[in-house]
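To start, the structure itself, in structure tokens.
Counting convention: from 1, in listed order, for ligands and their atoms alike. Given the structure is predicted, the values throughout are model-derived calculations rather than measurements.
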Amino acid sequence: MAVRAKIVGTGSSLPSRVVTNKDLEIMVDTSDEWIRTRTGICERRIAGEGENNSLFAAEAGRRALEMAGVDAADLDLILVATMTPDMVMPSVACLVQDALGAGRAGAMDLMATCSGFIYGLSVAERFVRCDPSMKVLVIGSEVLSRRVNWEDRSTCVLFGDGAGAALVIGEEGDRGILSSHLHSDGSLWELLTVKGCGTRFPVSHDNLEQGLQFIQMQGREVFKHAVKALESVALEALESNGLNMGDVDLLIAHQANMRILDFLRQRMGLEQDKVFINIDKYGNTSAASIAIALDEANRQGRLSPGMNVLMVAFGGGFTWGSMLVRW
Ligand code: UT7
């Protein structure tokens with residue numbers, strides 16, 4: 001019987017500080033009504049002083065290991081998908097390795113923006129399929145609040161902080177990851193960026209004054225590409241497995257905008273309860289978004305053995321991708 005990569009534990013960790021739309025009304029020229037109707041977001045979690053990416057990443061990982069009953073010392077690899085690491089060097093994954101006491105694990109970060117968790121799961125799946133004895137912890141974790149210009153209403157209302165994790169192991173049987181498809185289009189990179197503080201636009205007074213260290217997005221353009229890419233990658237996942245829309249038991253899509261989720265649901269002809277939604281509580285948490293949603297769905301008892309769970313993501317780069325799991 002074939003060995004499949006299987007998700008045997010999930011976890012998540014969020015800052016305790018809640019920032020509501022009403023709170024933002026005091027900070028920028030916006031309204032609760034605009035944010036709710038244009039995005040579906042009601043509130044988001046924002047990291048407090050001294051709370052860094054690796055703190056949430058490690059806690060989410062710890063919870064995933066606990067659910068699976070696996071000791072951190074038995075991990076072989078830790079992958080952290082993020083675009084907001086604690087530092088340029090070392091990786092968040094190394095800090096997580098230390099925090100968990102994962103003595104023999106390799107550790108690396110992976111940057112694929114909002115698609116990072118899907119990319120990470122996909123890499124884990126390949127490792128596990130090559131060596132079924134491997135245990136790989138995949139984490140999506142972000143502290144986007146420190147890359148947001150809190151004076152720019154077009155972006156600051158959208159994003160939130162947090163982390164989610166999944167433990168992937170090899171197991172014989174029909175259940176587990178059925179397929180993953182990854183895509184990118186770098187020609188459109190300028191539509192969604194954090195240009196500053198890399199090597200092209202290094203830290204300098206000029207660059208900081210221009211706000212290059214902040215997230216900049218041409219929202220309407222990104223929206224158009226996102227809906228197209230998400231629909232096509234969902235279809236691609238189903239077709240490659242000989243399945244159709246009706247076979248999807250739960251769709252977990254990147255939580256970027258409620259209108260994108262509604263569009264997808266309608267195009268795929270899915271009932272409301274087959275589309276997981278938590279954007280209202282957390283906003284857009286980029287690489288953490290699907291990871292947190294997967295853990296919440298799992299802990300709410302919405303995933304039962306044999307269900308087809310379709311995850312689809314889209315983000316800056318552009319990157320997009322899918323992962324179909326028989327739970
Ligand atoms: O995670 C990676 C993928 N990201 C996405 O998929 C995000 C995709 N894009 C979006 O979700 C939406 O484009 C946004 C939510 C970012 C923006 O919604 P929109 O309906 O595309 O609005 P818009 O940018 O076209 O702006 C419409 C109006 C503008 O005013 P005028 O020019 O019509 O007078 C904006 O200045 O809304 C204004 N506006 C705001 N008003 C109140 C923009 N932000 C705000 C705000 N509060 N926070």
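Looking only at side-chain heavy atoms (C-beta outward), L14 and F56 stay at 4.5 Å or farther from each other.
With W34, F318, F159 as candidates, the residue nearest to atom 26 (O) of ligand 1 on a non-hydrogen basis is W34.
Looking at L158 against ligand 1, only its side chain comes within 4.0 Å, counting heavy atoms. Of all the heavy atoms of N257, the ones lying under 4.0 Å from any atom of ligand 1 belong exclusively to the side chain.
Residue contact annotation: I35 has no non-hydrogen atom under 4.0 Å from ligand 1.
When distances from atom 34 (O) of ligand 1 to the protein are checked, no heavy atom turns up under 4.0 Å. Protein heavy atoms come within 4.0 Å of atom 9 (N) of ligand 1. Distance screen at 4.0 Å: atom 31 (P) of ligand 1 has no protein heavy-atom neighbour inside the cut-off. In this structure, atom 5 (C) of ligand 1 has a protein heavy-atom contact shorter than 4.0 Å. There is a protein heavy atom closer than 4.0 angstrom to atom 18 (O) of ligand 1.
Geometrically, ligand 1 and S31 share no nitrogen or oxygen pair separated by less than 3.5 Å.
A continuous path of ILVMFWY side-chain contacts below 4.5 Å connects I215 to W150, so both sit in one hydrophobic cluster.
Taking every heavy atom of G219 and a limit of under 4.0 angstrom, the matching atoms of ligand 1 come to 8 (C), 9 (N), 13 (O). Atoms of ligand 1 found under 4.0 Å from any heavy atom of A256 (numbered from 1 in listed order, with element): 1 (O), 4 (N), 5 (C), 6 (O). Atom numbering of ligand 1 starts at 1 in the shown order; those under 4.0 Å from a heavy atom of V222 are 3 (C), 4 (N), 5 (C), 6 (O). Under a 4.0 Å criterion applied to the non-hydrogen atoms of V157, ligand 1 contributes the atoms 48 (N). Applying the 4.0 Å criterion to heavy atoms of C114 picks out, from ligand 1, the atoms 1 (O), 2 (C). Remark: ligand 1 atoms within the under-4.0 Å shell around heavy atoms of R38 are 19 (P), 20 (O), 22 (O), 27 (C). Under a 4.0 Å criterion applied to the non-hydrogen atoms of T39, ligand 1 contributes the atoms 15 (C). Close contacts of ligand 1 with I260, meaning ligand atoms under 4.0 Å from a residue heavy atom, involve 6 (O).
Residue R44 is tested with N284, T20, N21 for a side chain to side chain donor-acceptor pair (under 3.5 Å); the sole match is N21.
Within the 3.5 Å criterion, the main-chain N or O of N244 finds a donor-acceptor partner in the side chain of D247.
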Do E221 and K224 pass the salt bridge (Lys or Arg N to Asp or Glu O under 4.0 Å) test, and can you show the C-alpha distance, the side-chain angles, and the key distance before you say yes or no?
CA-CA 5 Å; E221 280 304 304; K224 281 190 228 156; 2.9 Å; yes

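In this structure, the protein non-hydrogen atom closest to atom 38 (C) of ligand 1 is R153 NH2, 3.7 Å.
The residues E59 and R62 are annotated as salt-bridged, a charged nitrogen and a carboxylate oxygen being separated by less than 4.0 angstrom.
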